[in-house]
Chemist: 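Dropping a structure here in structure tokens format, bear with me for questions.
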Amino acid sequence: MRSNEIVLSVRDYDLDATLDSGQVFRWTRSAGGPPAWTGIVGRHRVRLIRTENGIHAETAMPVENWHWLREFLQSDVDLPAILKTFPDDEPMRKAVAACHGLRVLRQDPWECLASFILSSTKQIVQIRQIVAQLCDCFGEEIPGGPGHPDAARYVRQGSPTSHAFPSARRIASLTEAQLRSCKMGFRAPNLLATARLVADGKFDLERLHHLKYEDALRELVTLPGVGRKIADCVLLFAYGFDSAFPVDVWVERALQQLYFPKRRAGEKRLKQFAATHFGPHAGYAQQYLFHYMRTKAKNNHAKNAKVAREKSQTL
DNA sequence: GTCCAGGACCTAG
DNA sequence: CTAGGTCATGGA
């Protein structure tokens, strides 16, 4: 039965934490009104609202089968069972307590790969800007976007974009200058070269689904602009390899401060620790550490700003 | 103006 | 194996 809305029953699911934890870069929270998230999954434009017993989803165009959304949100995953596999230590307890309901999504491999090629040494806000420009300039218009009769409510909600993520074939057809116009800088040649390999069939993203983690990793890092960290992000966020443990500057800081507070642990030591300490769902643990560190830093900034304001008031 | 950002890659020690 | 420079761009 075709419908343009559905309620997915879920527990322990924090949409805010999940959609704003640096896994995905195209989701926006509506300003004012009930907290709603608008984004694009494949060629579906969808609005999500957390309700008491689940997630209410609404699309502009009627949908026959909602599997794509369950898959993306991983709404059938038993989160408590995963949390039980985390090491029972102080840092993980704090991270879990601070990020209740944080999930790991399951993204389209190409969109995830391309997005993270664009992510290197960029703040998340900037990654969002680059990806938005890339999609608005070169992505296909999605039915139900602004311009479509049913889209009025989405436009009113301030949804930002109406384009699908551009395919590898589309990006492969562009010039480096066109890509650089999206402000991606030195990442442009990497994205272009990788897009060409994928578009030409010289690199098969689908095949990775059938490989073991180590083999899929070895394949991914052969792509230009893809090193260990970005490969692990793609393996975790798009292929569901829960043992992938991406180490960026935030996670490295987390490991350093939380687990080796005394003396600086060598990079080799940290890698060894990360690979063995966090269990079969290490990728989830990593995402909790990452979001925990980021929200803690954000809170500190806000607190410091407040203290500064009060001080300047009293003087 | 300075520092830094979900790095990759190349070179030298 | 580790350290350092380079790449582009803009937020804080």
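Residue numbers start from 1 in every chain, and the chains themselves are labelled A, B, ... in the order their sequence lines are given, proteins ahead of strands.
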Chemist: Check this for me: does any side-chain nitrogen of one of A/Arg228 and A/Asp232 sit under 4.0 Å from a carboxylate oxygen of the other?
Modeler: yes

Chemist: Classify A/Glu252 by what it touches in the nucleic acid, base, sugar-phosphate, or nothing, heavy-atom distance under 4.0 Å.
Modeler: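 Answer is nothing: A/Glu252 stays at 4.0 Å or more from every strand.
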
Chemist: With sugar-phosphate meaning primed atoms plus P, OP1 and OP2, does A/Phe25 contact a base, only sugar-phosphate, or nothing at under 4.0 Å between heavy atoms?
Modeler: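 No contact.
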
Chemist: What is the nucleic acid contact for A/Arg253, judged by heavy atoms within less than 4.0 Å: base, sugar-phosphate only, or nothing?
Modeler: sugar-phosphate

Chemist: Using a heavy-atom cut-off of under 4.0 Å over every strand shown, decide if A/Lys229 touches base, sugar-phosphate, or nothing.
Modeler: base

Chemist: Can you sort out which residues in residues 104-117 of chain A have a heavy atom within less than 4.0 Å of DNA chain B? Ascending by number, please.
Modeler: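 Hits under 4.0 Å, by residue number: none.
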
Chemist: Do the non-hydrogen side-chain atoms of A/Phe86 and A/Phe278 ever get within less than 4.5 Å of each other?
Modeler: no

Chemist: Answer with yes or no after comparing the ring centroid distance for A/His163 and A/Phe138 against a 6.0 Å cut-off, counting only values under it.
Modeler: no

Chemist: Is the shortest distance from a Lys or Arg side-chain nitrogen in A/Asp215 or A/Arg207 to a carboxylate oxygen in the other one below 4.0 Å?
Modeler: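 Answer for the salt bridge query: no.
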
Chemist: Counting the atoms with a prime plus P, OP1 and OP2 as sugar-phosphate, which does A/Val226 contact under 4.0 Å by heavy atoms, base, sugar-phosphate, or nothing?
Modeler: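 Sugar-phosphate, backbone atoms only, no base.
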
Chemist: Of all nucleotides in DNA chain B that come within under 4.0 Å of a heavy atom of chain A, which is furthest toward the 5' end and which toward the 3' end?
Modeler: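 Listing 5' to 3', DNA chain B meets chain A from B/dA5 to B/dC9.
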
Chemist: Measure the shortest side-chain to side-chain distance between A/Pro109 and A/His209 over non-hydrogen atoms and say whether it is less than 4.5 angstrom.
Modeler: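 A/Pro109 vs A/His209: side chains touch.
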
Chemist: Expressed in whole Å, how much space separates the P atoms belonging to B/dC4 and C/dG4?
Modeler: 14 Å

Chemist: Please tell me whether A/Trp27 and A/Phe72 form a close aromatic pair, meaning their ring centres lie under 6.0 Å apart.
Modeler: yes

Chemist: Find which nucleotide of DNA chain B each of A/Ile124 and A/Val221 is nearest to by heavy atoms, and output the residue with the more 5' nucleotide.
Modeler: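 Mapping each residue to its closest nucleotide by heavy atoms, the 5'-most match is A/Ile124.
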
Chemist: Using a 4.0 Å heavy-atom cut-off, does A/Gly225 contact any base of the nucleic acid, only the sugar-phosphate backbone, or nothing at all?
Modeler: sugar-phosphate

Chemist: Can you classify the ring geometry of A/Tyr239 versus A/Phe241 as parallel (below 30°), tilted (30 to 60°) or perpendicular (above 60°)?
Modeler: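 Judged by the thresholds at 30° and 60°, the geometry between A/Tyr239 and A/Phe241 is tilted.
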
Chemist: Just to be sure I understand the rule, does A/Leu118 reach a base, reach only the sugar-phosphate, or reach nothing, if contact means heavy atoms closer than 4.0 Å?
Modeler: nothing

Chemist: Charged N to carboxylate O under 4.0 angstrom, A/Glu214 versus A/Arg218?
Modeler: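 Salt bridge absent between A/Glu214 and A/Arg218.
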
Chemist: Output one letter per nucleotide in nucleotides 5-12 of chain C: B when a protein non-hydrogen atom lies under 4.0 Å from the base, S when only the sugar-phosphate is that close, - when neither is.
Modeler: --BBBBS-

Chemist: What's the shortest heavy-atom distance between A/Asp14 and A/Asp16, and which atoms?
Modeler: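 So the minimum-distance heavy-atom pair works out to OD1-N, 2.9 Å.
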
